[in-house]
Amino acid sequence: MLTIDQLIELEVLISDEIERLREESAETEEEREAISPDVSIGRLSRLDAMQIQEIAKEGERRREERLPMLEHALDRIDMGEYGTCERCNEPIPFERLREQPETLHCSACA
Ligand SMILES: [Zn+2]
């Protein structure tokens, strides 16, 4: 079982991560506008611009997957369900939660 201190640490960690992902998302939006075809792309060749967009898109996809999982983790903390494996109902070790706070499963069930 997690102690209150560990739970608080994880809640802070999750909130920070959500904030970071949202900020990154906003920055990506600006970058995308900066390299839209209507805008002069300066020294960047069109190919470079396309590669940057690909990378940005990949990052965006990862963020879109992770954000709801992190928000769900916060809900689970509120409901007192956080830190328990959804499959086997065993407590998930603190170290694992710190590495991957949005996880719903222990290492054995993952
Ligand atoms: Zn499990």
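First listed ligand is number 1; within each ligand, the first listed atom is number 1.
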Which residue in the set Arg22, Arg63, Arg66 passes salt bridge (charged side-chain N to carboxylate O under 4.0 Å, His left out) when paired with Glu17? Arg66
Can you tell me if Met79 has over 12 outside heavy atoms packed within less than 6.0 Å of its CE? yes
Distance-only donor-acceptor pairs under 3.5 Å for side chains of residues 103-110, two or more places apart:
{"from": "Thr103", "atom 1": "OG1", "to": "Arg96", "atom 2": "NH2", "distance (Å)": "3.2"}
{"from": "Thr103", "atom 1": "OG1", "to": "His105", "atom 2": "N", "distance (Å)": "3.4"}
{"from": "Thr103", "atom 1": "OG1", "to": "His105", "atom 2": "O", "distance (Å)": "3.2"}

Interatomic spacing from CD in Glu24 to CZ in Arg62 - rounded to 0.5 Å: 9.0 Å
Taking the Zn ion (ligand 1) as the centre, count the protein N/O/S atoms lying under 2.8 Å from it. 4
Please report the interatomic distance CG(Leu13) to CD(Glu99), rounded to the nearest 0.5 Å. 10.0 Å
Output for pair (Ile92 CD1, Glu86 CD), nearest 0.5 Å, gives 8.5 Å
